[in-house]
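In what follows, a structure is listed as structure tokens, so that the remarks can point back to it.
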Amino acid sequence: MRKRLRFAAVVALLTLLLAPVPAVAREVAAPRPPVTVPALTQWTAEPGSYAYRPGARLVADAPAERRVADTLAGDLRAAGHGTVPVVRSGARAGDIVINVKPSRASLAAEGYELRAGRGLSITGATETGAFYGTRTLLQLLAQGDRIPAGHTVDVPRYKERGVGVCACYIHVSLPWLENLVREMSYNKLNQLLVELKVKSDAHPEANTWGYYTKDEIRQLVALGDRYHVEIIPEINSPGHIDPWIENRPDLQLTDSDGAKQPSRLDITQQAAFDYYTSLMDEYAQVFTAKAWHMGADEYMLGSDFAKYPQILRYAQEKYGPGATPQDAFVDFVNRVHDHAASKGVSLRIWNDGLTGANTVPVKTDTTVEHWLDVAVKPSRLIAQGYSVMNSSYSLYLIRGGFHSDTRSLYDQSWDPRSFEGEKLTSSKGVTGAKISLWPDNGRGETENEVSVRLWPALRHVAQATWGDPHPDATYPEFVARGTAVGHAPAWRDLTRVPVADGTYSFGRSFTASVQRTADGYATLRSAAGCLAISGGKLTLNVPLQPGVEATWDTCDATNTLQRWELEPAAGGYRLVDAITQMALTITDDGRIVQYPADQRTPAVWHLS
């Protein structure tokens with residue numbers, strides 16, 4: 001009887017163990033895609049992993065493939081992954097293969113396919129697509145030398161993914177801009193708008209600081225070309241053009257009281273148009289982009305057309321008695337458009353000048369960058385045939401002012417359809433989006449402080465323009481993505497102070513205590529106070545006048561003009577003000593003054 005009971009018990013136990021398991025219990029969570037920024041648009045996991053080991057090679061044959069491979073080899077070396085040779089054929093296990101196959105039309109202009117297993121391959125329909133696949137590879141290797149086996153086809157949703165920097169008054173250092181280009185590329189952003197002044201040979205009267213030399217711009221553009229970031233120049237006009245015409249009163253708009261307006265170009269003058277287009281032609285010597293941004297915003301900021309009756313007369317003489325002053329403005333935009341088009345370049349403008357008060361339309365192949373909620377909404381612009389980029393005020397970072405609330409935007413699943421004043425239901429006609437950096441209070445923050453604010457915003461706009469705007473359940477998880485992938489290879493830590501805190505003699509000039517600031521600069525403190533640049537003409541609250549003497553002011557930890565870069569030079573250090581970006585030099589009579597480095601050779605101090 002007991003044997004029968006035991007047997008029955010065993011049968012019951014086997015029946016229980018072999019019973020079908022409910023489907024819910026059998027489900028195994030799918031492997032999470034590898035971590036990247038932007039997140040991969042899709043991922044199919046496979047067994048195993050790819051191991052990056054010494055001996056790995058880059059296999060690339062065609063010229064476009066070899067350009068991608070050469071850049072990747074340099075980045076692998078800069079990221080600490082060793083020297084990797086580039087070979088033409090004969091792929092073997094562990095190699096990385098770069099393919100550019102125009103037949104893969106589904107990958108479009110910037111998409112790529114990445115496959116990881118015994119080897120790793122990256123395929124794009126274009127050189128740019130293959131290049132972006134290498135950015136994903138670098139991000140994965142930043143997290144370890146093993147990559148989960150699997151494959152992805154990763155294609156961006158929007159064609160324009162950008163950042164705008166106004167270095168239009170306040171000079172932004174070239175190393176900072178180069179860091180930005182590398183970070184943009186690493187996160188698959190492809191467009192950098194720079195509103196800045198190139199030192200002019202044709203118009204030397206306009207060469208007030210802070211300009212850039214042509215060689216500096218060539219260096220920046222070459223970096224952008226290598227890293228597939230199109231660098232689009234802007235000279236704002238016909239408003240906000242005072243950096244260019246402050247010494248040209250003959251081109252300034254005159255109001256009905258006879259007062260000259262240094263920030264407004266007189267659009268009724270042929271000479272003003274010729275001056276502006278000559279600057280465009282000079283910029284073409286150093287910029288390679290096939291786009292030109294003319295700004296065209298806030299022309300009547302703080303005023304109105306009624307103060308300038310000559311503008312209405314000009315419009316009516318050209319377009320008839322029913323014309324409006326706005327038609328003269330649009331006429332200027334369209335003439336700039338035609339000049340750009342004659343050079344094979346497209347035109348871009350800000351949206352706020354398009355108020356609907358004009359009878360003459362802006363040419364529809366002009367891209368409108370929408371930043372401000374005005375009468376003409378994005379949907380109407382798109383319906384009229386314009387391409388529209390989202391450059392919303394909510395994406396602004398202003399020195400010493402408004403900062404984009406990246407966390408809030410992420411939690412809202414913000415995407416490029418969300419304009420100021422209107423949320424579109426379709427992405428048709430929307431080219432993409434960008435964040436914008438403005439120097440309204442130029443001394444409000446240092447470049448290093450701006451960087452801290454910028455990187456989360458940069459990664460957010462990269463995500464929102466490439467794929468799903470909300471790939472992680474929480475914002476801290478999204479921030480962790482950026483932490484995991486880190487900075488781009490060859491990114492420079494600009495917060496490093498090259499000397500230890502302590503008291504030093506700066507040659508025979510002075511003795512001062514060098515103390516590192518929280519944002520990675522140094523203060524120089526003596527018995528007389530802290531070294532500063534505080535005199536001369538102010539522009540956006542910054543003393544940008546060359547020749548201003550350095551002074552020992554009352555020490556103030558919040559005063560950014562008392563922060564200095566110690567820039568290594570042969571046998572010592574140059575002193576560069578963190579805000580004015582001018583170096584100190586010593587005059588014949590012994591005064592210590594600031595000048596752009598191309599105007600006066602900076603002093604080199606030997607510290608002891």
Side-chain angles (χ1 to χ4, degrees), residues 158-160 162 164 191 193 195 232 234 236-241 264-265 267 291-308 311-312 314-316 318-320 322-338 340-341 346-396 414-436 438 465:
Y158 293 91
K159 69 177 183 179
E160 294 185 339
Q191 185 188 97
L193 171 67
E195 183 182 347
I232 298 175
E234 176 185 350
N236 207 336
S237 70
H240 292 303
I241 198 169
R264 297 184 179 98
L265 191 67
I267 57 178
W292 174 266
H293 205 305
M294 68 172 292
D297 64 306
E298 298 182 328
Y299 184 45
M300 285 294 138
L301 181 66
S303 187
D304 59 66
F305 282 112
K307 288 281 289 182
Y308 312 96
I311 292 180
L312 176 59
Y314 174 89
Q316 291 176 337
K318 190 162 187 177
Y319 295 108
T324 70
Q326 190 87 19
D327 290 328
F329 170 82
V330 171
D331 172 74
F332 184 80
V333 171
N334 284 339
R335 286 193 291 151
V336 171
H337 167 282
D338 292 346
S346 62
L347 185 68
R348 307 175 75 92
I349 62 173
W350 303 110
N351 77 295
D352 62 284
L354 304 181
T355 63
N358 51 298
T359 66
V360 177
V362 170
K363 296 192 175 181
T364 54
D365 58 345
T366 301
T367 298
V368 179
E369 298 199 11
H370 191 281
W371 73 278
L372 187 67
D373 182 17
V374 294
V376 181
K377 304 295 183 185
S379 57
R380 183 176 166 191
L381 291 169
I382 292 169
Q384 291 171 342
Y386 298 100
S387 295
V388 180
M389 187 185 201
N390 193 328
S391 302
S392 294
Y393 185 81
S394 62
L395 300 176
Y396 276 24
W414 184 96
D415 72 30
R417 298 170 301 154
S418 300
F419 289 87
E420 296 295 328
E422 185 177 36
K423 174 68 180 283
L424 303 181
T425 58
S426 169
S427 60
K428 183 179 179 181
V430 180
T431 66
K434 75 159 175 275
I435 53 178
S436 301
W438 301 100
T465 53

>> Going by the rule side-chain hydrogen bond (donor to acceptor under 3.5 Å, both in side chains), which residues pair with Asp331 if we only count those two or more places apart in sequence or in a different chain?
In response: Tyr314, Lys318, Tyr319, Arg335
>> Rounded at 0.5 Å granularity, tell me how far NZ in Lys363 sits from CD1 in Ile349.
In response: 13.0 Å
> Looking only at heavy atoms, what is the nearest atom pair of Lys434 and Ser436, with distance?
Replying inline: CE-OG, 4.0 Å
>> Applying salt bridge (Lys or Arg N to Asp or Glu O under 4.0 Å), can you list everything that pairs with Lys159, at least two apart in sequence or on another chain?
In response: none
> Between Leu372, Val368, Leu301, which is the residue that forms a side-chain contact (heavy atoms from CB on, under 4.5 Å) with Asp352?
Replying inline: Leu372
> Which residues pass the side-chain contact (heavy atoms from CB on, under 4.5 Å) test with Val376, sequence neighbours left out?
Replying inline: Arg380, Leu381
> Just how far is it from atom OH of Tyr299 to atom NE2 of His240, taken to the nearest 0.5 Å?
Replying inline: 12.0 Å
> So how far is it from Lys428 NZ to Ile382 CD1, rounded to the nearest 0.5 Å?
Replying inline: 9.5 Å
> Looking only at heavy atoms, which two atoms of Lys377 and Gly421 are closest? And how far apart?
Replying inline: NZ-O, 4.2 Å
> Between atom OG1 of Thr366 and atom CG of Leu347, what is the distance when rounded to the nearest 0.5 Å?
Replying inline: 4.5 Å
>> His370: which residues meet the ring-ring contact (aromatic ring centres under 6.0 Å, His included) condition with it, sequence neighbours left out?
In response: Phe419
> Between Asp327 and Ala315, what is the shortest heavy-atom contact and its length?
Replying inline: CB-CB, 4.3 Å
> Who pairs with Glu160 by salt bridge (Lys or Arg N to Asp or Glu O under 4.0 Å), at least two apart in sequence or on another chain?
Replying inline: Arg348
> What distance do Leu395 atom CG and Asn390 atom CG have between them, rounded to the nearest 0.5 Å?
Replying inline: 6.0 Å
> ring-ring contact (aromatic ring centres under 6.0 Å, His included) with Tyr308: which residues, sequence neighbours excluded?
Replying inline: none
